[in-house]
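Before any comments, here is the structure.
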Amino acid sequence: KEYGNVSTTTLYAVQVTVDYQVFRRGSKVPLIPKTSVVGEAVIPRLPDMGTARQIGLEGALADAARKIAEGVSESW
């Protein structure tokens, strides 16, 4: 929107929260207890909002997956 010489921008983003635990096969005690990570991504500006939301969600899930991989590898 434009108001005289001032422009405003709308930015949409998505966040996902993923809980995970790591167990050794046959064990009921987790090696890594329940942990939460938050993945975030900006939703791109596209004419089709459905596609834009899908791309944003995929980005947020990829961000969460990277954080899970870091959390698991740092634990060892």
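Bear in mind the structure is a predicted one, so any value in this text is a computation, not a measurement.
Residue-environment remark: OH (Tyr12) stays at or below the threshold of 12 foreign heavy atoms within 6.0 Å.
Exactly one of Val22, Asp63, Val18 qualifies for a side chain to side chain contact (heavy atoms under 4.5 Å, CB included) with Ile68. That residue is Val18.
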Would you mind writing out the side-chain donor-acceptor pairs for residues 29-44 within the sub-3.5 Å range, not counting sequence neighbours?
unit_1, atom_1, unit_2, atom_2, d
Thr35, OG1, Pro33, O, 2.7
Ser36, OG, Asp19, OD1, 2.4
Glu40, OE2, Gln15, NE2, 2.6

Side-chain donor-acceptor distances from residues 49-60 under 3.5 Å, at least two apart:
unit_1, atom_1, unit_2, atom_2, d
Thr51, OG1, Asp48, OD2, 2.6
Gln54, NE2, Glu58, OE2, 3.1

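Ser73 contributes a side-chain N or O that, together with a main-chain N or O of Ala69, makes up a donor-acceptor pair within less than 3.5 Å.
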